[in-house]
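Report on the following structure.
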Amino acid sequence: GTSLEGGLRLYGDDWGVESVTFEPRLYQTLIPDRLLARLRYRYTVQSAADDYVESLPGGGPIPEFRTSDSDLGDWDAHSFGVQFVLFRGGEWELDFGVDQVLREDGLDATLATLGYRLHL
């Protein structure tokens with residue numbers, strides 16, 4: 001009735017962004033063959049893109065390539081989530097989840113998901 005799963009992601013691109021994500025998940029059967037719960041934690045740390053600037057230089061030349069998109073800056077984040085899956089084996093699934101994301105740059109978020117899957 002209990003399962004532990006781990007994930008690790010390493011990312012890099014030609015814009016200079018590099019990141020590492022670590023995500024352990026715990027799955028727990030609450031009602032056999034009917035209800036499952038998933039607890040999740042995710043930690044992500046990311047470096048800024050080569051052309052990331054927080055603001056344009058005052059009085060100096062404006063760089064040819066630039067972005068101020070905070071998703072392309074330096075940041076780290078902690079996410080916590082729970083999901084419940086109600087199902088009837090082989091027929092349908094209904095899931096509901098909530099995640100809280102806490103980013104060190106202040107761009108926090110609360111995410112909710114609702115899904116339905118019909119097995120035909």
Side-chain angles (χ1 to χ4, degrees):
T2 303
S3 177
L4 183 60
E5 179 180 77
L8 179 67
R9 183 185 80 147
L10 305 174
Y11 174 84
D13 62 28
D14 59 357
W15 286 19
V17 175
E18 296 177 342
S19 71
V20 176
T21 300
F22 170 68
E23 182 178 350
R25 291 178 219 99
L26 174 72
Y27 295 88
Q28 178 64 53
T29 298
L30 301 177
I31 301 173
D33 300 320
R34 185 65 65 202
L35 183 62
L36 175 72
R38 182 204 73 195
L39 299 175
R40 179 177 80 166
Y41 169 75
R42 177 186 288 173
Y43 175 71
T44 302
V45 60
Q46 175 180 294
S47 67
D50 294 337
D51 297 313
Y52 176 77
V53 293
E54 285 191 33
S55 60
L56 293 175
I62 296 175
E64 180 182 3
F65 300 105
R66 62 199 176 274
T67 180
S68 59
D69 181 344
S70 60
D71 283 338
L72 296 174
D74 284 313
W75 55 267
D76 69 334
H78 300 272
S79 300
F80 308 88
V82 62
Q83 180 184 43
F84 296 97
V85 181
L86 180 65
F87 60 95
R88 183 168 179 113
E91 295 181 25
W92 54 266
E93 295 177 22
L94 177 66
D95 68 76
F96 172 75
V98 177
D99 287 273
Q100 180 65 44
V101 181
L102 304 173
R103 279 184 37 166
E104 60 93 17
D105 62 0
L107 291 175
D108 301 341
T110 301
L111 310 169
T113 60
L114 178 63
Y116 179 75
R117 181 183 309 183
L118 180 62
H119 301 272
L120 298 175

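For the numbers below, each heavy atom of this structure counts, side chains included, while hydrogens, waters and symmetry mates do not. In this text the structure is predicted, and so the values were computed from the model without any measurement.
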Applying a strict under-4.5 Å side-chain criterion to I, L, V, M, F, W and Y, I'd like to know whether [X] and [Y] cluster together.
X   : Y    : value
W75 : L102 : no
L8  : L4   : no
L30 : V82  : yes
V20 : Y11  : no

Exercise for the section: With sequence neighbours excluded, give me every ring pair (Phe, Tyr, Trp, His ring centres under 6.0 Å) pair touching residues 80-120. Expected result: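 Found Y41-F80.
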Problem - side chain to side chain contact (heavy atoms under 4.5 Å, CB included) evaluation trace for L10 with T21 - result: CA-CA 7 Å; L10 305 174; T21 300; over 6 Å; no
Heavy atoms only: give me the nearest [X]-[Y] pair and the separation to one decimal.
X   : Y   : answer
T29 : L36 : N-CD1, 4.0 Å
D99 : G81 : OD1-CA, 3.2 Å
E5  : Y27 : OE1-OH, 3.3 Å

Handout entry: salt bridge (charged side-chain N to carboxylate O under 4.0 Å, His left out) partners of residues 67-83, not counting sequence neighbours, each pair once
Key =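 Output for this query lists D71-R103.
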Practice task
Would you mind listing every salt bridge (charged side-chain N to carboxylate O under 4.0 Å, His left out) that reaches into residues 89-98, with sequence neighbours excluded?
Solution key: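 For residues 89-98, and leaving out neighbouring residues, the salt bridge (charged side-chain N to carboxylate O under 4.0 Å, His left out) pairs sorted by first residue read R88-E91.
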I want to check something: taking the side chain as every heavy atom from C-beta on, are [X] and [Y] in contact at a cut-off of under 4.5 Å?
X    : Y    : result
V101 : D108 : no
F22  : R42  : no
R9   : S19  : yes
S70  : L107 : yes

Handout entry: Between CD on residue Q28 and CG on residue L35, distance to nearest 0.5 Å
Key = 10.5 Å
Practice task
For D13, look at atom CG and say whether over 12 heavy atoms of other residues, nucleotides or ligands are found less than 6.0 Å away.
Solution key: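 For D13, atom CG is crowded (more than 12 foreign heavy atoms under 6.0 Å).
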Problem - Any side-chain donor near an acceptor of the partner, S47 and E18, under 3.5 Å - result: no
Exercise for the section: Ignoring hydrogens and angles, state whether a donor on the side chain of Y52 or D50 is under 3.5 Å from an acceptor on the partner side chain. Expected result: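 No, no side-chain donor-acceptor contact under 3.5 Å.
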Practice task
For the pair Q100 (side chain) and S79 (backbone), establish whether a donor and an acceptor sit closer than 3.5 Å, ignoring hydrogens and angles.
Solution key: no
Exercise for the section: For side chain to side chain contact (heavy atoms under 4.5 Å, CB included), just list the numbers for T2 and L26, CA-CA rounded to whole Å, side-chain angles, deciding distance to a tenth of an Å, and then say yes or no. Expected result: CA-CA 7 Å; T2 303; L26 174 72; 3.6 Å; yes
Practice task
Start with the C-alpha distance between R38 and V85, add both sets of side-chain angles, then the distance that settles side chain to side chain contact (heavy atoms under 4.5 Å, CB included), and finish with yes or no.
Solution key: CA-CA 8 Å; R38 182 204 73 195; V85 181; over 6 Å; no
